[in-house]
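Worksheet: one structure, shown below.
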Number of protein chains: 2
Amino acid sequence: MSSAAARHQRLHAELRQRICLLDYPPGTKLSEEALAAEFGTSRTPLRRVLARLEDEGLVESRHGIGTLVTDVDMALMAQVYDLRLHLAALVGQLDPQPVTPARMAEIRAFVTRGEALLASPDPRVFAELNSAYHDFGLSLTGNAPLRETAARLYYLTARIWLTSIPRMDLASECAIFLGEMRETETALAAGDTAAAALIRRAHISMSVHRMPR
Amino acid sequence: MSSAAARHQRLHAELRQRICLLDYPPGTKLSEEALAAEFGTSRTPLRRVLARLEDEGLVESRHGIGTLVTDVDMALMAQVYDLRLHLAALVGQLDPQPVTPARMAEIRAFVTRGEALLASPDPRVFAELNSAYHDFGLSLTGNAPLRETAARLYYLTARIWLTSIPRMDLASECAIFLGEMRETETALAAGDTAAAALIRRAHISMSVHRMPR
DNA sequence: ACAGCCACAGTTGTGCACAACTGTCTAGCT
DNA sequence: AGCTAGACAGTTGTGCACAACTGTGGCTGT
């Protein structure tokens, strides 16, 4: 990959993570000049990144005002969740990937990280692990457009959990999360990728229902 | 909407249509300078449009070479079709919209246009009608992310039909298309939005199977 | 005291000049 | 004749200066 495209990917992933981990809470004004200075470029390449984030619905640029992190529209997010549920199930239907030893090692590593999280619960560590685990779940399908679409929608809803957790039971959520990973490990050990996808769908659904109103 | 954002939308839709109608066949080199001159702007706003088209997978910019219209990767397109089938069915499941008199007038207008197409078949007119009809089909769901996702994927595959039609029977395709619209009119007249979505899904599937190999 | 207007600081949007890069063609050497 | 190196034309990428726009705060007139 060319260095320009590589830097674009890097900055995009970095800013997206900052937004989704609430380092930049909704309403934050992102200064093009400050970010350009931080990353050692001029405004031009940085604006390319912000434009992509705007297309993805994570920020909104207003002439004369600034580039603001979008706030979480719960009516829209409910629609995104509805769609994500079906896409999660599709992971097990569209070109499900065979369970390889490498993949088993991955899921076991996730279980280990989940156990560590349960031992010392932390919202940010939870969110980071959840993001990595979601990406792992998508790797179970060989359908690239499905992966990209599901990822895009995931990042739209990723902030909701972090904003809700203060009104939820963190330790309980960690235990449930670890339980999901262990169930998935069992399904994958049986070579049943579709079952793993359905477990994911079920837990997304239950997670939504547990959220405070 | 601000005039800058409005122009961005306009140019994006225009270039996307040119690509999907094969005015710019795969491999065409899009000159930033020439396009900027045509639309009466400088390269800067135009590059914003090309960047979005690149994110959507319709063009590819290469430093020192040019911005090329992507060629149609059939392996990837097969995956897109798989996903589109399921999304088409979801239109009838996620927030299906009630059938209003205005919507009935719309579908009747489409049937009329379909009859005119059958009377004098033309690939380009077919493609344009198909695009408008696809957009109408998406309006049957109130789920905005589903609409955007399905539209995005549609434009990825839109070029395939136009490249295949020389090896297919145009008159037959027009008749089948008109038949689909009439079936949909019947379903909507019965107030059955979900049935209309399933008809769409069935015809997308059959269209894929009719394509020459 | 209050309302309205104006100047100003701060931000994104635009245009332009130049840097970086690629493929081609030509001149020169072997 | 063939091959290599270098100049060159053409394209996208970057940086910078300025235009366009917005909100605010203060000033002025009533």
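The basis for the numbers below is simple: all heavy atoms, side chains too, and nothing from hydrogens, waters or symmetry mates. Every chain is numbered from 1, with letters handed out A, B, ... down the list of sequences.
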TODO: Identify the heavy atoms of A:Arg103 and A:Pro98 that sit nearest to each other, and give their distance.
DONE: NE-O, 3.4 Å
For residues 19-29 of chain B, which side-chain donor-acceptor pairs fall under 3.5 Å, sequence neighbours excluded?
unit_1: B:Asp23; atom_1: OD1; unit_2: B:Arg124; atom_2: NH1; d: 2.9
unit_1: B:Asp23; atom_1: OD2; unit_2: B:Arg124; atom_2: NH2; d: 3.1
unit_1: B:Tyr24; atom_1: OH; unit_2: B:Arg18; atom_2: NH1; d: 2.7
unit_1: B:Thr28; atom_1: OG1; unit_2: B:Pro25; atom_2: O; d: 2.5

- [ ] Compare every heavy atom of B:Thr157 with every heavy atom of B:Val80, then report the nearest pair and how far apart it is.
- [x] CG1-CG2, 3.4 Å
Task: Interatomic distance, B:Tyr133 atom OH to B:Glu106 atom CD [nearest 0.5 angstrom] - done: 11.0 Å
Open item on the list: Is the ring pair B:Phe110/B:Phe136 parallel, tilted or perpendicular, if the boundaries are 30 and 60 degrees?
Closed with: tilted
Task: Over all atoms of both residues, closest heavy-atom pair of A:Thr70 and A:Arg159 - done: O-NH1, 2.7 Å
Open item on the list: My understanding is that only one of A:Asp135, A:Asn130, A:Thr149, A:Ile204 makes a side-chain contact (heavy atoms from CB on, under 4.5 Å) with A:Tyr154; could you say which?
Closed with: A:Asn130
Distances for protein N/O vs nucleotides 6-9 of chain C N/O pairs under 3.5 angstrom?
none

Please list each protein N or O that sits under 3.5 Å from an N or O in nucleotides 10-16 of chain C, with the distance.
unit_1: C:dG10; atom_1: N2; unit_2: A:Gly64; atom_2: O; d: 3.0
unit_1: C:dT12; atom_1: OP1; unit_2: A:Leu30; atom_2: O; d: 3.0
unit_1: C:dT12; atom_1: OP1; unit_2: A:Thr67; atom_2: N; d: 3.1
unit_1: C:dT12; atom_1: OP1; unit_2: A:Thr67; atom_2: OG1; d: 3.3
unit_1: C:dT12; atom_1: O2; unit_2: A:His63; atom_2: NE2; d: 3.0
unit_1: C:dG13; atom_1: OP2; unit_2: A:Arg47; atom_2: NH1; d: 2.6
unit_1: C:dG13; atom_1: OP2; unit_2: A:Arg47; atom_2: NH2; d: 2.9
unit_1: C:dG13; atom_1: N7; unit_2: A:Arg43; atom_2: NH2; d: 3.1
unit_1: C:dG13; atom_1: O6; unit_2: A:Arg43; atom_2: NH1; d: 3.1
unit_1: C:dT14; atom_1: OP1; unit_2: B:Arg7; atom_2: NH2; d: 2.2
unit_1: C:dG15; atom_1: OP2; unit_2: B:Ser42; atom_2: N; d: 2.9
unit_1: C:dG15; atom_1: OP2; unit_2: B:Ser42; atom_2: OG; d: 2.7
unit_1: C:dG15; atom_1: O5'; unit_2: B:Ser42; atom_2: OG; d: 3.4
unit_1: C:dG15; atom_1: N7; unit_2: B:Thr44; atom_2: OG1; d: 2.6

